[in-house]
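One-based numbering along the sequence shown. When a ligand or atom number is given, it counts from 1 through the structure's own listing order.
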Amino acid sequence: AKNAGRGCIRYFSESLTQAARDRFHIESRLRQAIPNNELRVYYQPKVDIRSGRIIGAEALVRWQDPVDGLIMPFIFIGIAEETGLIKSLGEWVLAETCRQGKEWIDAGLLPLNLAVNLSAHQFHHGNIVRTLSDVLEITQFPAEYLELELTESILMQRESEMVETLNQLRSKGVSLSIDDFGTGYSSLAYLKTFPLDVLKIDRSFVMDIEKDEDDRAITATIIKIAHTLGLKVVAEGVETQQQLEFLDAHGCDMYQGYLMGKPMPAADFITLLKRINH
Ligand code: C2E
Ligand code: CA
Ligand code: CA
Ligand code: CA
């Protein structure tokens with residue numbers, strides 16, 4: 001029994017060491033991913049529910065590792081946030097999305113609304129307003145086509161400073177959305193405190209619309225409240241026609257989800273866009 005116990009402890013600490021080693025490994029490789037040109041932006045179509053047309057996309061980062069292949073954000077976004085690497089990663093995604101957007105505009109594919117995710121770190125370390133101005137200046141992407149997605153973890157901190165920063169961002173011409181709405185705390189208060197344009201209903205409500213009466217009530221109510229406050233509403237994670245029909249019946253403005261398309265490389269996105277919008 002004694003031996004088994006020791007074995008157990010040894011096994012446990014070895015797996016912890018392994019986890020730490022994996023983290024360190026990911027971190028040091030992630031540090032090289034930007035200079036080595038291994039990050040990619042994938043685009044998930046955003047659809048106008050009334051017309052059925054694709055009106056834009058959300059930019060979502062992928063890591064194309066030469067050995068491991070395509071790595072999804074849940075593997076590295078957390079590590080990037082904890083180590084501060086998210087700052088350069090986030091700036092890269094913003095710049096690359098605007099560069100790509102400008103290329104699309106020049107090719108006559110207008111108007112396309114592109115949304116980029118921001119992380120809390122980008123607000124508290126470095127000047128996000130300045131970064132945005134620089135990127136818009138360098139890429140010449142029109143600010144009115146850019147949307148910045150904010151999570152509650154961003155809005156949670158230093159309220160009056162945050163309102164000021166968001167107003168500055170908006171004065172550049174971009175729109176602001178609250179992401180994953182309904183998953184955190186005191187979300188309703190955020191809607192009246194912060195200058196927001198768009199509310200994104202979290203996938204966790206949308207996915208159970210068919211089965212769960214509570215989720216139907218919550219979703220319908222969120223849409224109503226958002227509209228009363230002058231916000232547009234995007235439903236996330238729409239996978240079925242039935243979900244879409246419910247959202248349409250309740251006046252939801254836009255949706256994203258596998259029903260129209262997963263996040264995909266730029267070229268595939270444009271192929272889909274041309275097919276759907278013809
Ligand atoms: P998010 O911002 O909530 O992005 C939506 C996620 O839901 C994406 O996962 C997307 O692929 C997934 N999704 C969309 N439609 C459906 C659907 O119909 N069904 C299902 N099952 N899933 C759907 P992804 O691309 O793996 O990204 C995960 C998260 O990583 C994002 O969640 C976001 O929080 C973070 N992330 C991704 N790119 C960036 C970035 O450039 N910067 C920052 N700060 N975070 C990012
Ligand atoms: Ca998002
Ligand atoms: Ca989301
Ligand atoms: Ca539920």
Is there a polar contact between ligand 1 and [X], counting only N or O atoms under 3.5 Å apart?
X	result
Gln256	no
Gln122	no
Glu58	yes
Ile86	no
Glu149	no

For ligand 1, does [X] get within less than 4.0 Å through its side chain, its backbone, both, or neither, judged by non-hydrogen atoms?
X	answer
Met207	neither
Asn117	both
Asp179	side chain

Quick test: of every protein heavy atom, which one is nearest to [atom], and how far off is it to 0.1 Å?
atom	result
atom 11 (O) of ligand 1	Pro263 CG, 3.2 Å
atom 39 (C) of ligand 1	Val61 CG1, 3.7 Å
atom 18 (O) of ligand 1	Tyr258 N, 2.9 Å
atom 3 (O) of ligand 1	Asp180 OD1, 3.2 Å
atom 37 (C) of ligand 1	Leu60 CD2, 3.6 Å
atom 19 (N) of ligand 1	Glu239 OE2, 2.5 Å

Counting heavy atoms only, which of Ile75, Val206, Leu39, Ile77 is nearest atom 35 (C) of ligand 1?
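Ranked by closest heavy atom to atom 35 (C) of ligand 1, first place is Ile77.
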Just going by heavy-atom distances, which of Gly90, Pro73, Gly257, Ala80 is nearest to atom 28 (C) of ligand 1?
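Shortest heavy-atom distance from atom 28 (C) of ligand 1: Pro73.
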Ionic contact status for [Y] with [X], cut-off 4.0 Å:
X	Y	answer
Arg50	Asp248	yes
Glu82	Arg23	yes
Glu147	Lys46	yes
Glu58	Lys200	yes

With the Ca ion (ligand 2) at the center, what angle do OD1 from Asn117 and OE2 from Glu58 span, rounded to 10 degrees?
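Between OD1 of Asn117 and OE2 of Glu58, the angle at the Ca ion (ligand 2) is about 90°.
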Suppose the cut-off is 3.0 Å; how many protein N/O/S atoms fall inside it around the Ca ion (ligand 3)?
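N, O or S atoms of the protein closer than 3.0 Å: 4.
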Looking just at side-chain N and O atoms, do [X] and [Y] make a donor-acceptor pair shorter than 3.5 Å?
X	Y	answer
Thr240	Glu210	yes
Gln32	Arg29	no
Asp48	Ser51	yes

Less than 4.0 Å between [atom] and some protein heavy atom, yes or no?
atom	result
atom 15 (N) of ligand 1	yes
atom 32 (O) of ligand 1	no
atom 6 (C) of ligand 1	no
atom 43 (C) of ligand 1	yes

Can a non-hydrogen atom of [X] be found less than 4.0 Å from any atom of ligand 1?
X	answer
Glu236	yes
Arg62	yes
Arg203	yes

Worked check of side-chain contact (heavy atoms from CB on, under 4.5 Å) between Phe181 and Ile201:
CA-CA 5 Å; Phe181 187 81; Ile201 303 178; 5.6 Å; no
Are Leu30 and Ile34 connected in the hydrophobic side-chain network, where two residues link if heavy atoms are under 4.5 Å apart?
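Same cluster: Leu30 reaches Ile34 through Ile, Leu, Val, Met, Phe, Trp or Tyr contacts under 4.5 Å.
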Of all pairs that satisfy ring pair (Phe, Tyr, Trp, His ring centres under 6.0 Å), the ones with a partner from residues 20-65, not counting sequence neighbours:
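Non-adjacent pairs meeting ring pair (Phe, Tyr, Trp, His ring centres under 6.0 Å): Tyr43-Trp104, Trp63-Phe76.
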Identify the residue among Asn117, Val41, Leu89 that makes a side-chain contact (heavy atoms from CB on, under 4.5 Å) with Val61.
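Per the side-chain contact (heavy atoms from CB on, under 4.5 Å) rule, the option paired with Val61 is Leu89, out of Asn117, Val41, Leu89.
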How many angstroms lie between OG1 in Thr219 and CZ in Arg216, if you round to the nearest 0.5 Å?
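Those atoms lie 9.5 Å apart.
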Take the angle between the ring planes of Tyr145 and Phe141 and call it parallel below 30°, perpendicular above 60°, tilted in between.
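Geometry flag for Phe141 against Tyr145: tilted rings.
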For the pair Leu114 and Val116, evaluate side-chain contact (heavy atoms from CB on, under 4.5 Å) and give the outcome as yes or no after the intermediate values.
CA-CA 7 Å; Leu114 298 180; Val116 172; 5.7 Å; no
